[in-house]
Amino acid sequence: MDYHSPASFAEASALAANATGTTRFLAGGTDVLVQLRSDLVTPDTLIDIKKIEGVSNIEQNADGSWTLGVAVTGAEMSEHTTLGQDWPGVVEAMDLIGSTQVQGRATLTGNLCNGSPAADSVPAMVAAGVTLTVTGPDGARTVAVEDIPTGPGKTSLAKGEVVSAVHIPARGENGGDAYLRFIPRTEMDIAVVGVGVNLRLDGDTITEARVCLGAVAPTVLLVEDCAKAIIGSTLDDTALEALAEAASAACNPIDDKRGTIAFRTEVAGVLAKRAAKIAYARAKGEKA
Amino acid sequence: MALDDRKSGFTFVGTRPDRPDGLDKVTGRAKFGADMSAPGMLHGAILRSPHAHARIVRIDTSKAEAHKYVKAVVTRADFAEVPFKPGLEGEFWNVLENVMAGEKALYDGHAVAAIAATSALAARDAVKLIEVEYEVLPHVTDVDKAMAPDAPVIREGAADYSVPEGVHPNVVRYHESGHGDVEAGFAEADLVIEDSFVTEATHQGYIEPHACLGQLGADGKGELWCTTQGHWIAQKTCAALLGIETSQLRVTASEIGGGFGGKTTVFIEPVALALSRKANRPVKIVMSRSEVFRATGPTASASMDVKIGMKKDGTITAAEGIFRLQGGAFPGAPGDMTAMCAFAPYNLTNVRQVGYDVMANRPKQAAYRAPGAPMGAFAVESVIDELCKKLDLDPIDVRLKNAAHEGTKASYGPTYEQIGLVESLEAAKAHQHYSAPLKPGQGRGISCGFWFNHGGETSVSLALSEDGSAQVMVGTPDIGGSRASMALMAAEVLGIPYENIRVTIADTATLGYNDVSHGSRVTYASGLATIKAAKHAVEKLCERAAAKWGIPVDAVKWENGCAVPSGPNAGDFDPLPLAEITANMGSTGGPISGHFEATPEGAGVSFGIHIVDAEVDPETGKTSVSRYTVIQDAGKAIHPAYVEGQYQGGAAQGIGWALNEEYIYGDDGRLQNSIFLDYRIPVASDLPMIDTVIVEVPNPGHPYGVRGVGETGIVPPLAAIANAVSHAAGVRMRQLPMSPPRILAALKQDG
Amino acid sequence: MSKFHVTTQVNGDEVEFLCDPRETLLDCLRDKLNLTGAKEGCGTGDCGACSVTVDGRLVCSCLMLGVEAEGKQIETVEGIADGDVLHPLQKKMIEYAALQCGICTPGILVAAKSLLEKNPNPTEEETRYWLAGNLCRCTGYDKIIRAVMDTAADLREAS
């Protein structure tokens with residue numbers, strides 16, 4: 001295995017473009033090293049992006065939006081007060097991944113590019129409308145998070161392409177987000193179901209909503225019907241039931257060691273309701 | 001063992017001093033299995049079968065052997081029989097077959113070949129160069145399916161004499177016991193409940209993977225360092241498997257990072273020695289976590305039918321249980337233990353129990369904390385809870401009404417001596433937890449649990465130093481603070497401070513045979529031997545004092561660390577402290593030491609009662625444990641903090657078993673959850689504080705009244721939690737683990 | 001295969017080692033620097049027995065490559081005591097009998113020390129969640145949590 005620690009994304013991209021065999025980018029390494037240790041994936045080329053300037057920065061832009069470096073860890077996100085006030089759902093989703101120790105290393109980008117349908121941060125990012133800068137041999141492009149995963153362990157990134165920045169939109173007025181997942185224990189598990197909800201209110205009425213489900217299909221699902229179920233409502237019981245039904249209806253899960261089809265389908269609805277309530281309360285400015 | 005001099009007032013015993021190995025263990029200095037290295041050391045790696053059941057057609061090691069970093073490759077052929085130990089029989093053969101596959105790979109993860117190379121990384125790379133051709137065979141992993149007529153046969157002729165005719169060859173042992181007439185008993189009952197239960201295999205889950213460092217020369221002499229619960233059994237087994245003389249292999253036990261029964265046999269140790277013999281260099285092998293799950297002993301899985309009859313007043317009229325246990329591809333599943341323990345807490349007129357030991361294509365089961373008992377208790381205590389519910393009776397009152405006591409003929413045959421079940425049940429009933437109000441959505445469950453406890457072969461030596469300090473050599477690896485308990489008991493006899501005693505786990509060259517640290521036997525048996533060895537030294541100390549004073553030895557007694565005249569008639573001498581005697585021992589007759597060896601038989605059975613409050617999320621089926629109390633008879637707690645620790649640890653493992661832990665096999669017979677991410681043991685945030693009550697009803701078989709405490713604590717939790725879930729959510733869970741999908745499915749079916 | 005030369009600081013001492021890029025920081029600490037206090041319980045970041053801090057941040061040393069240690073400051077269990085004076089957490093762990101086998105203890109100590117540096121007054125729940133990545137199979141965590149909480153109380157009183 002060759003190990004490189006380039007000084008720029010252009011250099012990283014060039015290394016990846018010219019590499020043969022399996023290439024992996026190393027950010028927090030909490031998936032790459034597990035795969036390495038278990039002989040699941042031994043990359044021929046490993047490109048450590050942490051020596052690139054700015055990869056650990058968290059910056060709020062003039063328009064209120066956020067730009068995060070790709071090596072920002074979960075712990076650094078959790079410690080950032082203003083980011084957490086703007087996007088508690090995104091921060092909490094990231095914080096749910098692994099232990100305190102894993103939080104010291106794990107990153108949003110790594111969680112996304114590992115390609116797991118159960119990645120906790122991804123539904124929250126999709127709900128929040130997060131976009132990415134992707135640097136490739138032909139320069140940079142902007143991509144929505146939901147366009148990255150294409151199946152378990154697979155992404156739409158082309159050879160030589162590397163995610164170089166994470167952009168979280170401005171929170172704006174009367175908005176709130178939340179992410180909930182189901183695991184059998186209280187910690188240290190992979191999501192059996194995950195739900196991210198992001199919404200905006202006008203008074204008590206929901207005017208915008210994005211609901212995204214994780215671990216219930218080969219990729220995360222941005223479910224239009226879930227949004228429709230609650231837009232225009234005050235998140236009353238009827239809307240919540242419609243939301244749950246839409247969430248369950250969107251599920252296309254598998255039976256595996258972590259959960260059954262029936263369980264995932266049922267619990268997706270349950271969590272959608274619970275997450276929506278939290279997001280709604282947050283949008284109202286209530287502490288939740 | 002008759003005990004003439006029962007002691008009841010204590011100076012040291014019952015206190016909570018710092019453990020002797022505490023400093024080493026909080027500074028990272030303590031040497032565990034993987035922490036040892038040797039000059040010229042090679043690293044071993046093992047190739048494992050990816051198939052659940054396959055004939056090994058051919059193994060080609062030539063590419064691996066040609067690898068520049070590889071120094072030795074071994075397969076089963078390297079464990080060939082040697083002249084002076086022709087052939088292996090019984091359990092030795094089973095262990096060999098498990099350590100390195102012969103004609104067939106019998107489970108996913110079964111070792112088929114091994115290499116030694118110059119680095120751990122090189123070994124991992126080179127082991128992949130070994131080519132194995134398999135002929136895949138039909139497999140079976142489920143206990144009931146393994147007994148079905150069409151099940152593939154794991155091994156012909158493995159069954160022993162106990163198995164009735166006409167039973168599938170995968171059933172290898174059969175146990176039946178009991179007394180009275182169960183049919184007549186059921187006829188007397190006001191209510192009879194018959195139900196079936198299933199538990200999945202769980203792993204001991206010690207955090208330290210198996211690790212060893214072995215060296216064996218062409219002269220047949222060897223050294224082995226390993227993490228083990230018993231280095232004499234490792235010595236004996238490795239010597240047998242390698243065809244060397246037992247005494248020529250010296251085994252040293254490392255500090256052990258958890259065992260719970262799983263480190264009572266060998267896995268990698270004979271392989272390291274075989275590689276070393278071939279490479280002429282020391283070889284270290286450390287298992288990965290995945291290897292630990294795939295290839296070391298989980299407990300057995302079980303399928304059980306239980307039938308109990310009860311009168312309206314709570315009297316049990318009859319009890320019957322059939323317990324089928326699957327223990328992997330080898331004989332050994334503790335169906336007999338399950339059967340014998342299941343009804344042991346109760347004073348029954350009519351009882352019958354049957355146990356089956358069934359083979360399947362899974363790793364060879366190993367002991368796990370009260371092996372066999374938790375499953376049976378899950379089934380029996382669940383049925384008793386249902387009877388209590390239907391007859392509207394208090395679950396502790398019913399257990400008190402039927403509780404075994406001194407003189408009760410146990411369900412498994414013998415008559416109980418002094419036991420502490422009634423006292424423990426009364427303590428449970430009086431505990432504020434039992435009467436505390438429950439919050440909405442919570443349910444409370446209780447369960448009894450029983451374990452035999454064990455004595456076992458034991459040898460202890462104690463030597464006094466000139467300065468009056470003492471060193472104690474025991475042969476039972478310290479898995480939970482036992483060195484502190486040994487020092488306390490030695491201090492109690494010698495009358496010198498706890499801090500002046502150093503307890504060492506001796507290697508196999510230093511003491512005679514010691515049975516494994518299992519069966520909750522260490523504080524009982526090594527403790528008894530320590531007391532006797534100390535008394536032996538005291539006899540010699542008294543002899544020296546008698547000689548000095550010129551009085552007969554029977555006119556001298558030992559008191560508070562000094563020789564004193566036994567009475568006014570013996571003479572008027574100042575007390576002679578231990579250190580004054582040892583200071584001159586070289587010139588008064590030579591070194592003073594004490595020794596004791598025996599197989600003590602009075603281990604004394606133990607009972608526990610657990611009270612648990614649980615709540616179930618009705619929308620997701622997730623159970624959380626909100627309060628937990630363990631009440632258990634310790635006989636006499638030598639170091640109460642470590643007794644509490646055993647209770648808490650057993651409860652925590654039981655909670656894991658009840659709620660989330662399980663071996664999950666795919667249709668291909670491969671283990672799907674061989675890492676801690678998916679084999680879900682309880683983490684800190686899953687558990688509440690675990691309260692403990694130490695009941696002390698002395699064991700007549702120990703000078704200080706000690707009963708083993710290590711194992712009983714895992715017996716009640718499975719049923720206690722199932723009962724709590726039943727009261728909280730209204731669903732009776734008959735299958736473990738009570739995972740959220742199972743509970744949610746049950747709630748849906750129910751609602 | 002070519003090896004990397006790494007210079008790093010461990011418990012205040014500058015150290016150097018050569019490593020294969022596939023070797024983890026844990027491998028390097030144990031096999032090259034002979035610091036065997038950090039343990040490998042899983043190799044997948046699930047058990048925490050290999051916990052160390054890197055530039056003050058709590059991590060699993062099995063989830064970090066040796067090459068990544070270049071220029072970092074690493075603290076391991078071996079560096080917790082101040083010479084022969086034990087850290088209050090170390091004393092409390094012994095006093096509370098918060099270890100049975102002791103294999104998880106190094107990781108628990110490193111993680112708990114990191115908690116108390118960040119949060120001198122943790123609740124029981126915060127302590128349990130902070131330590132959720134440190135598996136202990138012997139104790140049921142009860143005495144560990146009590147030892148950490150009590151150390152925190154003592155340290156607050158002392159400061």
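The chains referred to below are lettered A, B, ... by the order of the sequence lines, with proteins before strands, and numbering in each begins at 1.
Among C/Gly48, C/Ala132, C/Cys42, the residue making the largest number of heavy-atom pairs under 4.5 Å with chain A is C/Ala132.
Enclosure of atom NZ in A/Lys159 by more than 12 non-hydrogen atoms of other residues, nucleotides or ligands within 6.0 angstrom is indicated.
Remark: A/Phe263 pairs with A/Phe182 by the ring-ring contact (aromatic ring centres under 6.0 Å, His included) rule, at least two apart or across chains. By the ring-ring contact (aromatic ring centres under 6.0 Å, His included) test, A/Phe25 pairs with no residue at all, sequence neighbours left out. Residues satisfying the side chain to side chain contact (heavy atoms under 4.5 Å, CB included) test with A/Pro117, not counting sequence neighbours, are A/Pro152.
The side-chain heavy atoms of C/Leu65 and A/Leu36, taken from C-beta on, include a pair separated by under 4.5 Å.
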Listing needed: what donor-acceptor pairs below 3.5 Å join chain A with chain C?
from: A/Arg37; atom 1: NE; to: C/Glu40; atom 2: OE2; distance (Å): 3.1
from: A/Arg37; atom 1: NH2; to: C/Glu40; atom 2: OE2; distance (Å): 2.4
from: A/Lys50; atom 1: NZ; to: C/Glu68; atom 2: OE1; distance (Å): 2.5
from: A/Glu79; atom 1: OE1; to: C/Arg57; atom 2: NH2; distance (Å): 3.1
from: A/Glu79; atom 1: OE2; to: C/Arg57; atom 2: NH1; distance (Å): 2.6
from: A/Glu79; atom 1: OE2; to: C/Lys118; atom 2: NZ; distance (Å): 3.0
from: A/Thr100; atom 1: OG1; to: C/Trp130; atom 2: O; distance (Å): 2.6
from: A/Gln101; atom 1: NE2; to: C/Ser51; atom 2: OG; distance (Å): 2.8
from: A/Gln101; atom 1: NE2; to: C/Asn134; atom 2: OD1; distance (Å): 2.9
from: A/Arg105; atom 1: NH1; to: C/Glu68; atom 2: OE1; distance (Å): 3.4
from: A/Arg105; atom 1: NH2; to: C/Leu63; atom 2: O; distance (Å): 3.4
from: A/Arg105; atom 1: NH2; to: C/Glu68; atom 2: OE1; distance (Å): 2.9
from: A/Arg105; atom 1: NH2; to: C/Glu68; atom 2: OE2; distance (Å): 3.0

